Structure formats: C-alpha cells, structure tokens
Amino acid sequence: NGVADDTAAIQSWLNAKGGYWPSGTYLISSTLVIPQRAIVLGHNDGWSPDAAKNTIVKWAGAANGVMVQAATQPFGTPSTASLTGIRIEYLTLDGNDVAGIGFYGNYVTNDSTVAHIAAIQCNLFGILASKLWYSDWHDLVGRNCNGVGVAFGWNYLNTFDDNSVNGVYIYNVRGHTCGQRYNASTAPTGFSLASAPLGGCGIYLKLKTSSRAVNLLGEKCYGAGLVVDPNIRARVDIDSFYVESNMNDALTDGETDLKYGLILANTASEYGLVNLNGGYFHLENNSNVYYYQTNTGANFDFDVLRGPI
C-alpha cells in the first residue's frame, strides 16, 4: 500500500526466484537483490505511475542508495561472478528524489532480459548497467532523474572492473527530463560542457563489440539527449535515434554555448568504429545537432551519420 516497509517480504520472495508481482505501490528501505535465474514479472505501462495499473517500487531508504541490484556484489564492489538467466520486466522504480540509482546491473550475462523498466526521480542514474555480455535490454525509461536517465558502460566510481558491453541488444530506450548543473559534490553526474560534458544526459552509451542500440529517444534533458562514447576497439551499430529540446536550461545557466542534441565522445584510449544510422534532430529546439568531444586525442571514426539532420 506504499505505507508499510515491504523490503524483507519482497527479498524473501526474490530469493525463492520470484514470479508474478501484482500491481500496487511497494515501499522499500534497502536494496533489493536479484538472485541467479530469478523471474520478476510486474505491470508497467512505461510512463504514468498509476498504482492501479503498475507495479511501483518506491524508495524510503538512505540518500543515494540503490533500489534494485542485478549483481552478485553490492554497488561499489566489482562483481567477479556473473548473474545469468534472469528475467526482470514491467516495474516502475520511483527513487522519490532520494535514491541514487533505480536499477543497477553488473556482470549480467547469458540469456538474461531486463525490459519494460521505468526508473524515475533518481539522483545519479535511473538505470546503470555495465559488464554485460549476450543479454537483452529493452523498453527502458529514465525520467525526471537529477543525473543520467539510462547509462550503459559508464564506470561510475570505478564500480566495474570491466565496463565492456559485448553482444548486447539494446532497443526502445527513452531518457526524458533528466540532468542538472554539474557539481562535484552534490551533482556528480550532472552536466557542464566545460567540466562534465557527458553528464546530465538522457541516454549514455559506451558499447564495445557486437552490440547494437536501436530506437533511442532523448528529450528535455539538461545535458544532451544522447551521448555516444564507445569503448576501446569498439565495433558498434546505433540505429534510429531522436533528440529534441535538450540543454535549454544549461544554455540559460551558461553551462553550454549551444544546445546539442547528440554528443559524440572519445574517452577510450584506442580507436573505435561506430555506425550511426537514422539520426533525427529537432532543429527548432536543438540549435546545433552534435558536438564532438575527446579526452585522449585518439582517433575515432563515425562511419555513418545520416538522416534529416
């Protein structure tokens, strides 16, 4: 009912491998840990947090805590054992403007699916996942988060001993109304073109080998709608993305010179190759389409960038 603390009961249910999770609001005060081969099927329409229609998990724990953990080690400790065969679908994770991360995945591998997850009102990331191999991630929403909406491959606080995203299919991902002005202490995943150009975005992708991302939408974020920052020796396809009305507040605050919908970055130490196909930029609201940023000086080829730009 959103009043009683349901953490212990839900965790016990998860330890028994889960199952069907009825709609309603469930209050938690500490991290829910997904075990091996658990199946969680709730209800989620992807947008409106209506408890009559959705399975809503609401945070009542410590500031910047993690709501749901798909990893064998807690956030801050690299996972050295994989999590396989999980299926987590149809949940709304409400960080209540207190939680740091809605959904955290580390070393999620073979035959795993994470889908139809909406993470809202989280301070650092709506969804943060890395060290992923041969798994599917789709129909994901990061909305009204103070940091980044959905991030794949971001090695935040060096939590991942390997931030590769290999052989992963990512599709139907939306980052909406995310981000704020960067501050090293209070908003470490925020945006500033000078200090933190990759932060405050709707979607961040640092993919590596044989991964593909399709149907990406980044809107009304403090930073870019989409950031593409390939991993070392990347071979990646990104197909069909749309960005609109990003960096309005950042421009007003003097944190950017123009409004960029897409940031192409190279923070890896070696050459990467990315196919970018079908990019759509709402030029009325994004006065420039993309910005290229590099920290290392390494060569980086964007093989294809086409569409009505």
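All of these numbers come straight from a predicted model, not from anything done at the bench.
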Inset, instruction - Taking atom CG of D253 as the centre, report whether more than 12 heavy atoms of other residues, nucleotides or ligands fall under 6.0 Å from it. - result: yes
Legend entry - All ring-ring contact (aromatic ring centres under 6.0 Å, His included) counterparts of F152, not counting sequence neighbours: W137
Legend entry - C145 vs F125 side-chain heavy atoms within contact, under 4.5 Å: no
Legend entry - Whether S245 side chain and E219 backbone form a donor-acceptor pair below 3.5 Å: no
Inset, instruction - Supply the atom-to-atom distance T77 OG1 to N158 CG, rounded to the nearest 0.5 angstrom. - result: 12.0 Å
Legend entry - Y107 side chain near T72 side chain, heavy-atom distance below 4.5 Å: no
Legend entry - Full working for side chain to side chain contact (heavy atoms under 4.5 Å, CB included) between T31 and T7: CA-CA 8 Å; T31 304; T7 309; over 6 Å; no
Inset, instruction - Would you check if the side chain of S211 reaches a backbone N or O of V165 as a donor-acceptor pair within less than 3.5 Å? - result: yes
Legend entry - Criterion side-chain hydrogen bond (donor to acceptor under 3.5 Å, both in side chains) on S23 and N54, from CA distance to verdict: CA-CA 5 Å; S23 59; N54 294 281; over 6 Å; no
Legend entry - Side chain proximity check, L193 to D257, heavy atoms < 4.5 angstrom: yes
Inset, instruction - Mind listing the closest non-hydrogen atom pair of L27 and V3 along with its distance? - result: CD2-O, 3.3 Å
Inset, instruction - Identify the heavy atoms of C201 and C178 that sit nearest to each other, and give their distance. - result: O-CB, 3.9 Å
Inset, instruction - Evaluate the criterion side-chain hydrogen bond (donor to acceptor under 3.5 Å, both in side chains) for residue pair N163 and N231; output intermediate values, then yes/no. - result: CA-CA 8 Å; N163 66 333; N231 211 322; 3.3 Å; yes
Inset, instruction - Determine whether the aromatic ring centres of Y26 and W21 lie less than 6.0 Å apart. - result: yes
Legend entry - Under 3.5 Å donor-acceptor, T209 side chain and A234 backbone: no
Legend entry - Minimum-distance pair of heavy atoms, taken over all atoms of I86 and A70: CD1-CB, 4.0 Å
Legend entry - Single-linkage hydrophobic cluster I88~L14, side-chain heavy atoms < 4.5 angstrom: yes
Inset, instruction - Identify the residue among D6, L93, I10 that makes a side chain to side chain contact (heavy atoms under 4.5 Å, CB included) with L32. - result: I10
Inset, instruction - Keeping the roles fixed (side chain from E89, backbone from I39), state whether a donor-acceptor pair exists under 3.5 Å. - result: no
Inset, instruction - Check for a donor-acceptor pair, side chain of D139 on one end and backbone N or O of A115 on the other, with a separation under 3.5 Å. - result: no
Inset, instruction - Keeping the roles fixed (side chain from E244, backbone from K220), state whether a donor-acceptor pair exists under 3.5 Å. - result: no
Legend entry - Under 3.5 Å donor-acceptor, K17 side chain and Q36 backbone: yes
Inset, instruction - Verify side-chain hydrogen bond (donor to acceptor under 3.5 Å, both in side chains) between T92 and N44, making sure each step is shown before the conclusion. - result: CA-CA 6 Å; T92 298; N44 177 26; 3.1 Å; yes
Inset, instruction - Using a 4.5 Å cut-off on heavy atoms from C-beta on, say whether the side chain of M67 contacts that of K58. - result: no
Inset, instruction - Go through the structure and list residues passing salt bridge (charged side-chain N to carboxylate O under 4.0 Å, His left out) with D161, not counting sequence neighbours. - result: K131
Legend entry - Between OH on residue Y242 and CG on residue L262, distance to nearest 0.5 Å: 14.0 Å
Inset, instruction - Answer yes or no: is there a donor N or O on one side and an acceptor on the other, between the side chain of N155 and the main chain of T159, under 3.5 Å? - result: yes
Inset, instruction - For S135 and T109, indicate whether the former's side chain and the latter's backbone hold a donor-acceptor pair under 3.5 Å. - result: no
Legend entry - Atom pair CD1/CG of I120 and D97 - distance to nearest 0.5 Å: 9.0 Å
Legend entry - Option passing side-chain hydrogen bond (donor to acceptor under 3.5 Å, both in side chains) with Q121 (candidates N96, D94, N146, N144): D94
Legend entry - N248 CG to T256 OG1 distance, which is reported to the nearest 0.5 Å: 11.0 Å
Legend entry - Main-chain N/O of N15 paired to Q11 side chain as donor or acceptor, under 3.5 Å: no
Legend entry - Side-chain heavy atoms of F241 within contact of L276, under 4.5 Å: yes
Legend entry - Criterion side-chain hydrogen bond (donor to acceptor under 3.5 Å, both in side chains) on S192 and E255, from CA distance to verdict: CA-CA 5 Å; S192 166; E255 293 294 345; 2.7 Å; yes
Inset, instruction - State yes or no: are the ring centers of H43 and Y90 separated by less than 6.0 Å? - result: no
Legend entry - ILVMFWY cluster, V168 and I34 together (side-chain gap under 4.5 Å): yes
Inset, instruction - Take atom OH of Y169 as the centre, draw a 6.0 Å sphere, and report whether it contains more than 12 heavy atoms from other residues, nucleotides or ligands. - result: yes
Legend entry - Sub-4.5 Å side-chain heavy-atom contact between I117 and I127: yes
Inset, instruction - Examine the side chains of D5 and S29 and answer whether a donor and an acceptor come within less than 3.5 Å of each other. - result: yes
Legend entry - Contacts of type salt bridge (charged side-chain N to carboxylate O under 4.0 Å, His left out), residue D239, not counting sequence neighbours: R212
Inset, instruction - Check whether any side-chain heavy atom of R87 lies under 4.5 Å from a side-chain heavy atom of V40, and answer yes or no. - result: no
Inset, instruction - Indicate whether any N or O donor in one side chain lies under 3.5 Å from an N or O acceptor in the other, for N110 and T84. - result: no
Legend entry - Distance-minimising heavy-atom pair for K206 and P230: NZ-O, 3.6 Å
Inset, instruction - Apply the ring pair (Phe, Tyr, Trp, His ring centres under 6.0 Å) test between Y204 and each candidate in Y156, F191, W154; give the one that qualifies. - result: W154
Legend entry - Minimum-distance pair of heavy atoms, taken over all atoms of G179 and Y222: C-CB, 3.4 Å
